[in-house]
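For reference, the structure is listed below as C-alpha cells.
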Amino acid sequence: MSELIIDKLTTRDGSNVGAIVVADIDELLLLNTNKEINTTAIVKDSNRGGVFNYDGAQSGVNNGGTIFNGWVRQYEGAVNVKWFGAVGDGVVDDTTAIQTAMDAASAVFFPVGTYITSAALDYNNNQIIQGAGKELSIIKRSSGGTHNMFFPNIALGTGASPSNVSVDNVMFKDITLDADMTSSGDFIESIMIICAISAKFMTISNVTFKNPSGDCIYISQTYGDQASTVIPYDVKINNCTFKGNNINRNAITVITGQQLNFSHNHFYKITSSSMPCPIDLEPNEATEIITNVVIANNTFDSCKGGISTYRTGAGPTDYTMIQNISITGNTFTNPAQITPYVSQGTSDIGIYNARNVTVISNCIYDSNSIGITISESYGVTVNSNNIFNANEVGVFIKDVFNTKIDNNNISLENDTYNGYTCVGIKASTAAFTASTNHTMEHCSLNDNTIINTVSTPLACIGIVLEGNAYLVNISGDISGFYRGLYLGKKADVYPSKISVKADLSLNTLPLNHFSTGFVPDHNIKWSCGEGISWGVASFSSSTSKIITGIHVYTTSAVRVTRKGSVGLANNLTIECPVDGQLNITSEASESGEFLWEVVSP
C-alpha cells in the first residue's frame with residue numbers, strides 16, 4: 001500500500017512539493033487512477049526505485065525502466081540497468097533487461113554485480129557502456145553460450161552487396177566482460193566479445209576481458225558474410241586487461257582500420273599455440289587496408305607471441321596493405337608454448353608484409369623462439385630494443401628493403417636450441433627464391449651489441465647473412481659466439497657489397513667462416529676489431545699484389561687462404577715493406593684469387 005503525502009520533497013529547481021511513496025513499480029502503476037492529483041511519486045525499491053513525475057502525454061509509453069505508463073523517472077546521466085529489471089546476481093539471465101536499457105538510452109550504467117547474458121547485445125550509435133570499475137561490474141556470457149557478446153546495431157549488407165553504414169562514438173569503460181571459455185573444448189574461432197564492425201571513434205578504456213574464445217575485440221568492416229563499405233576509424237583501446245588460458249585466438253584482431261591506438265594494456269595468457277598472437281594486424285584481402293596504428297607501452301605476460309602484422313598469401317614485395325605502424329615501449333615476459341603460425345616460427349614482434357614500421361625501445365625477455373622478425377617488408381626501423389636471453393634468434397630478417405636494425409642490445413645464453421644454431425641476428429631467404437629475392441637490400445645492422453653468455457660456444461653465431469644480401473652495413477660489438485660473422489649462400493647466391501666495421505675479436509672464430517664454396521667479391525670491405533682486417537685479391541703468375549690502408553706491421557700477423565679451399569696458399573710469399581702495406585707475390589705456377597687476413601696489429 002502507498003503512504004500518503006510526504007511533505008517538502010525538494011525538486012531540482014529548489015521548490016518543495018508533496019509526493020506519494022510506493023514500495024515498487026507495481027504499486028506505482030496502480031496510482032494511475034489518481035494521477036491528476038498525485039503528479040510526483042517516490043518508489044522505494046532499492047534496485048528500480050527513484051522519483052517519478054506524471055506526464056499525461058506519455059500515458060501510453062512503458063519502456064520498462066524510465067517511463068511507466070506516463071510516470072517518467074527523474075534522473076541525470078546514465079540509466080541504470082537495474083531500473084530495467086537486471087538483477088546482477090550471476091544466476092538470472094539479464095539479457096532482455098540490458099538490451100532494453102541500451103535501446104532506451106545512450107549511456108548505460110552497470111552497478112556492482114555479475115550480469116548473465118544468453119544472446120548478443122546490440123550496441124547503438126553514440127552509446128556508453130559503463131560499470132562501477134573493473135572486476136566490480138561484470139557482464140558474463142551464459143555457461144555454454146556460443147554468441148558474440150556485443151555486436152553493432154547497424155544494417156550491414158552482404159559481401160556481394162555491402163551497405164554504407166558505420167557505428168559511431170561508442171565507449172566501453174570501467175567494466176569486466178567475461179566470455180566464460182575456460183577449456184580448450186570451448187574454442188570457437190569466430191566468436192568475439194566485442195565486434196567493432198565499421199566502428200568509428202570508438203573508445204574501450206579500463207575494461208577487463210576474461211576467458212575469450214575467438215577474439216576479445218574484432219575490428220573489421222566485415223563479419224562472415226555481413227559487410228559495410230566503411231573502414232573502421234579512430235579506435236582507441238587503452239588501459240585494458242586481457243586475461244585468458246592460452247586457448248583463444250587473439251586479444252585484438254584488425255582486419256582493416258585506420259588511426260588505431262592500443263596503449264597501456266596488459267595481456268596475460270592470451271592466444272593458443274596454433275593461433276597468431278595477442279595483437280594481430282592481418283588483412284585477408286587486397287582491398288583491406290591497415291594504416292596509422294600505434295601500439296605502445298603494453299605488457300605481455302605468458303602469451304603466445306605478442307604483436308604481428310601479416311597478409312595471407314602475400315609475396316616478397318606485397319607490403320602495401322599494412323603501413324605506418326609504430327610499436328614502441330612494449331614489454332614481453334614469460335612466453336607461452338610455441339607452434340609456428342607463419343614462416344620461421346613465433347616472434348614476440350613479427351613484422352610481415354608491412355611498410356614504414358618503427359619498432360623502438362621494446363623489452364623482450366626470454367623469447368621462446370625469435371625476439372623480432374622482419375619479413376617481406378620495406379622501410380622498417382628497429383632501434384634501441386633490448387632482447388634478453390633469446391632462445392634461438394634475437395632478430396630474424398627475410399626479404400627486406402631499406403631497413404635499419406641499429407642500436408639494439410641482444411643477448412643469448414644457448415649454443416643451440418631445439419636442434420637449431422643460436423644466432424644474434426640472422427638474415428636469410430627461402431632457398432627456392434634466393435636467386436630472385438633479396439635477403440636484405442640497402443639495409444644497416446649498425447651499432448648493435450650482441451652477446452652470448454654460453455660457457456662453451458661450439459656452434460652459435462653472432463651475425464648470419466645468407467643469400468642475396470646486397471648493400472648492407474654492419475657495425476657494433478659481437479662477443480661470446482663460436483663464429484662472429486658468417487656469410488653463406490642460398491640457391492648459389494651470396495652476399496655482396498657488404499661493409500663490416502664490427503668488433504668480432506671476442507669470439508672463438510671471429511672471421512674466415514664462409515659457407516662451402518663462398519667467394520666474397522671485391523666490394524666486401526672488412527674492419528672487424530682492433531687490428532683485424534680482411535679482403536680479397538687476385539694474382540697471376542710471377543706477379544705481386546700490393547695491399548695498402550690496413551693495420552699491419554709484420555708478416556707474422558698475416559694469414560693468406562685460397563678461395564674455396566682450406567689451408568694456407570703456400571705458393572705465395574708475403575712481405576711488409578712499410579707499415580700498412582702488404583706485398584703478396586705468387587710463384588710462376590700460381591694464379592687465381594686469395595683471401596688475406598690480418599689477425600693482430
Side-chain angles (χ1 to χ4, degrees), residues 1-89 92-117 121-133 136-137 139 153 168-175:
M1 293 291 295
S2 60
E3 302 173 15
L4 222 45
I5 307 286
I6 284 189
D7 293 329
K8 297 182 179 179
L9 173 68
T10 302
T11 61
R12 286 196 296 272
D13 64 7
S15 60
N16 296 323
V17 299
I20 193 164
V21 178
V22 296
D24 54 32
I25 297 298
D26 290 338
E27 283 198 13
L28 178 69
L29 295 175
L30 294 176
L31 295 178
N32 285 347
T33 55
N34 298 316
K35 56 183 175 292
E36 293 84 2
I37 300 172
N38 302 306
T39 57
T40 301
I42 299 173
V43 178
K44 295 174 65 177
D45 185 305
S46 61
N47 290 326
R48 306 187 72 189
V51 177
F52 294 80
N53 287 343
Y54 187 78
D55 180 0
Q58 300 192 68
S59 60
V61 178
N62 187 336
N63 67 9
T66 58
I67 305 174
F68 295 92
N69 296 347
W71 290 101
V72 180
R73 186 185 295 274
Q74 305 302 294
Y75 70 97
E76 292 180 345
V79 302
N80 187 324
V81 293
K82 289 192 173 182
W83 296 348
F84 293 81
V87 178
D89 63 354
V92 173
D93 186 343
D94 289 323
T95 306
T96 299
I98 295 171
Q99 187 64 65
T100 302
M102 292 171 62
D103 291 339
S106 59
V108 180
F109 176 70
F110 291 77
V112 175
T114 299
Y115 301 85
I116 301 299
T117 62
L121 297 169
D122 296 330
Y123 62 91
N124 303 291
N125 282 288
N126 306 305
Q127 189 132 63
I128 299 174
I129 309 296
Q130 182 176 3
L136 296 177
S137 303
I139 303 175
N153 187 20
D168 300 347
N169 302 308
V170 175
M171 176 180 287
F172 293 82
K173 64 178 182 178
D174 304 328
I175 201 164

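None of these values were measured; they are calculated from a predicted model. The residues of the chain are indexed from 1 along the displayed sequence.
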If you define the side chain from C-beta out and look only at heavy atoms, does anything of F68 sit under 4.5 Å from R48? yes

Looking only at heavy atoms, what is the nearest atom pair of L28 and A41, with distance? CD1-CB, 3.7 Å

Mind checking side chain to side chain donor-acceptor pair (under 3.5 Å) for D122 and listing every partner two or more places apart, or none if nothing turns up? none

Any F84 side-chain heavy atom under 4.5 Å of I98 side chain: no

With V92, which residues qualify under side-chain contact (heavy atoms from CB on, under 4.5 Å), at least two apart? V87, D89, D94

Give a yes or no on whether the backbone of G56 and the side-chain of Q58 come within a donor-acceptor separation of less than 3.5 Å. no

For T66, the side chain to side chain donor-acceptor pair (under 3.5 Å) test, sequence neighbours excluded, returns N63

Could you pull out the closest heavy-atom pair between V108 and A101, with the gap in Å? CG2-O, 3.8 Å

In Å and rounded to the nearest 0.5 Å, what is the OG1 to OH distance from T39 to Y54? 11.0 Å

Not counting sequence neighbours, which residues clear side chain to side chain donor-acceptor pair (under 3.5 Å) with N126? List them please. N169

Do S59 and N69 have side-chain atoms, one donor and one acceptor, less than 3.5 Å apart? no

For the CZ atom of F52 and the CD1 atom of I20, what is their distance to the nearest 0.5 Å? 14.0 Å

Quick check for you: to the nearest 0.5 Å, what is the distance between D168 atom CG and N125 atom CG? 5.0 Å

I'd like to know if the side chain of S137 and the backbone of A132 have a donor-acceptor N/O pair within less than 3.5 Å. yes

Report yes or no: does Q127 contribute a side-chain atom to a donor-acceptor pair with the main-chain N or O of D103 at less than 3.5 Å? no

With a 3.5 Å distance limit and no angle check, can you tell me whether R73 reaches the backbone of G65 through a side-chain donor-acceptor pair? yes

Do the side chains of N62 and I67 get nearer than 4.5 Å, heavy atoms only? no

Would you say the side chain of F109 lies within less than 4.5 Å of the side chain of V81, judging by non-hydrogen atoms? no

Hey, does K44 have a side-chain heavy atom less than 4.5 Å from the side chain of V21? yes

Taking only residues two or more places apart in sequence or in another chain, which ones pass side chain to side chain donor-acceptor pair (under 3.5 Å) with D45? none

Specify the closest pair of heavy atoms between Y115 and K82, including all atoms of both residues, with the distance to one decimal. OH-CE, 3.5 Å

Single hit among I175, D174, L136, N80 for side chain to side chain contact (heavy atoms under 4.5 Å, CB included) with F110: I175

With sequence neighbours left out, the residues meeting side-chain contact (heavy atoms from CB on, under 4.5 Å) with T95 are D93, T117, S118, A119, L121

